[in-house]
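Just so it is clear, the values below take in all heavy atoms, side chains as well, and ignore hydrogens, waters and symmetry mates.
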Amino acid sequence: MTQVVSQGPQLDSNGLRQALRIAGGCTIGFAISKLMNWPNGIFFTVYPMLLLGMVPTLSRGVINQFIASAAFSAFVVLVIQGLFSHLPVVMTLLVFGIFCFLFHKMSRGSAFLFGALGVVSLSIQLHFSSYVDQGSSIYPLILSNGLAILLTVIIAAIMHGMFPDVTARPSRVMPAKPKESIRHEVLLCASVATLSFVVFQVLDLQDSISAQAASVLILFSLCWKAAGMAGWQRAIGTLIGCNAALLSQLFLYNHSDFLLFPVAILWILSFVFARFHILGGGIPGIGFGVLTTFGILFGQSLGPGQDLIYSALYRFSSVSVAIILSLCAVYVMHHLLNRFSATRHHTFD
């Protein structure tokens, strides 16, 4: 009599090495930013997660898109904040136009990484720069973002050198879309992203960068049917990530000043949930939501004399509200655009 023992999914050799790359990359970026006492540690912790988690291979084209997204975002923030910060209507229209350009790149698929990283980077920088007063400058923000991009590329190259893939990965072929679907996705995502930017400015939500980032990240699915699942997965990932951060704080207690402790905890958490992310197909889902959640908390809220408890509790509540409201906006725009044949999505039924 044969006994069949069911086993859970296992990582293959390439998946294991990618998990090691993600864990090592974000931990190195976090450690360097804390050792050098650089501001905006969120960039140095989350960017390696994005580059090593969203793209399993590293090529010249990937590096070019990554660096180009940083240069483009920095230029846009300097122009918009420097010339149009006193004209909110004009500024909003410009932001909408730029989001249309970035989401068009994502929808076409030829420069998806450039568009995705540009959307995230631009949203975070616009959020931070809008609270720069006369006694401070926007340039440290731009410089720290550019430095984080360059450091992330170097870290990614080192990680790929230390943990290379064993076998060649099949290339991903982006499916062709009708022009009506591309228009639908661009207008829907750009409208919701712009609305998120406006709401967070009008309500003066300076400490809610995690919620705004979540409202943008669920748009990576580009359409309503996938956004609903993405929003649900993002909420679950945020809940797990916040609880993981709270558990980390219990282990750290009041010893966060000793860098070795948070570095070790970050590596362990990153490796565990990078495995979960890769087993889920390597697409932005629950595992990726967990990764970016505690990556943001570690990078932005953990430091000497700081703890993660308030940040984790506030982050989950604010992110949950932001996701629900964003999904409502996506639903309304989806049905509005489907009323017209020129912007009707191919999933329309």
Going through the distances and angles, do Leu188 and Thr343 end up as a side chain to side chain contact (heavy atoms under 4.5 Å, CB included)?
CA-CA 10 Å; Leu188 183 149; Thr343 57; over 6 Å; no
Assess whether side-chain hydrogen bond (donor to acceptor under 3.5 Å, both in side chains) is satisfied between Ser73 and Asn145, documenting all intermediate values.
CA-CA 9 Å; Ser73 299; Asn145 181 73; 5.8 Å; no
For the pair Phe276 and Val290, evaluate side chain to side chain contact (heavy atoms under 4.5 Å, CB included) and give the outcome as yes or no after the intermediate values.
CA-CA 9 Å; Phe276 189 59; Val290 178; 5.6 Å; no
Candidate pair Arg344 and Leu337, rule side chain to side chain contact (heavy atoms under 4.5 Å, CB included), full reasoning
CA-CA 6 Å; Arg344 185 167 296 156; Leu337 292 171; over 6 Å; no
Test Leu58 against Met159 for side chain to side chain contact (heavy atoms under 4.5 Å, CB included), laying out the working first.
CA-CA 10 Å; Leu58 190 67; Met159 290 296 101; over 6 Å; no
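Interatomic distance, CD1 of Ile22 versus CZ of Phe288, reported as 8.0 Å (0.5 Å rounding). Between Leu35 atom CG and Ile28 atom CD1 the span is 11.5 Å, to the nearest 0.5 Å. Note that CE of Met91 is 3.5 Å distant from CZ of Phe197, once rounded to the nearest 0.5 Å. Atoms CZ and NZ, on Arg108 and Lys179 in that order, are 8.5 Å from each other to the nearest 0.5 Å. Remark: Phe30 CZ to Ile42 CD1 distance equals 12.5 Å, nearest 0.5 Å. From Cys100, atom SG reaches atom NZ of Lys105 across 13.5 Å, with rounding to the nearest 0.5 Å.
Taking the side chain as every heavy atom from C-beta outward, Phe99 and Val186 never approach each other to under 4.5 Å. Between Ser270 and Met49, the closest side-chain pair of non-hydrogen atoms falls below 4.5 Å. Between Val119 and Leu219, the closest side-chain pair of non-hydrogen atoms is not below 4.5 Å. For the pair Leu52/Gln18, no side-chain contact is recorded, criterion being any heavy-atom separation below 4.5 Å from C-beta on. Contact check for Phe112 versus Gln65: no side-chain heavy atoms found under the 4.5 Å cut-off. Taking the side chain as every heavy atom from C-beta outward, Phe43 and Leu147 never approach each other to under 4.5 Å. Looking only at side-chain heavy atoms (C-beta outward), Phe96 and Thr92 stay at 4.5 Å or farther from each other.
The shortest heavy-atom contact between Phe271 and Ala23 is N-CB, 3.6 Å. Between Tyr47 and Thr152, the shortest heavy-atom distance links the atoms CB-OG1, 3.4 Å. A pairwise comparison of heavy atoms in Pro48 and Thr45 identifies CD-O, 3.6 Å as the closest pair. Of all the heavy atoms in Leu51 and Ala156, the pair that sits closest is CD2-CB, 3.6 Å. Residues Ser191 and Met333 share a closest heavy-atom pair of OG-CE, 3.6 Å. Across all their heavy atoms, Ser144 and Phe44 have their closest contact at O-CZ, 3.7 Å.
For Arg21 (side chain) and Gly53 (main-chain N/O), no donor-acceptor pair under 3.5 Å exists by modelled atom type. Remark: side-chain polar atoms of Glu185 are not paired, donor with acceptor, to backbone N or O of Phe103 under 3.5 angstrom. At distances below 3.5 Å, not a single donor-acceptor pair connects side-chain atoms of Arg17 with backbone N or O atoms of Phe163.
Residues satisfying the side chain to side chain contact (heavy atoms under 4.5 Å, CB included) criterion with Leu117, sequence neighbours excluded, are Leu50, Phe66, Ser69, Leu113. Under the rule for a side chain to side chain contact (heavy atoms under 4.5 Å, CB included), the partners of Leu247 that lie at least two apart in sequence or sit in another chain are Leu250, Phe251.
A donor atom on one side chain and an acceptor atom on the other are found under 3.5 Å apart for Gln125 and Ser121. Thr57 and Asp165 form no side-chain donor-acceptor contact under 3.5 Å, judged by distance and modelled atom types alone.
Not less than 6.0 angstrom separates the ring centroid of Phe273 from the ring centroid of His277. In this structure, Phe72 has its ring center under 6.0 Å from that of Phe101.
Under a hydrophobic clustering in which Ile, Leu, Val, Met, Phe, Trp and Tyr are joined whenever their side-chain heavy atoms come within less than 4.5 Å, directly or via other members, Leu151 and Met36 fall into the same cluster. Residues Ile149 and Leu143 do not share a hydrophobic cluster, defined by chaining ILVMFWY side chains whose heavy atoms lie under 4.5 Å apart. Val330 and Val332 fall into different hydrophobic clusters, where Ile, Leu, Val, Met, Phe, Trp and Tyr are joined by side-chain heavy atoms under 4.5 Å apart, directly or via other members. Both Leu87 and Leu78 are part of a single hydrophobic cluster, where members link through side-chain heavy atoms under 4.5 Å apart. A continuous path of Ile, Leu, Val, Met, Phe, Trp and Tyr side chains, each step under 4.5 Å between heavy atoms, connects Ile98 with Val79, placing both in one hydrophobic cluster.
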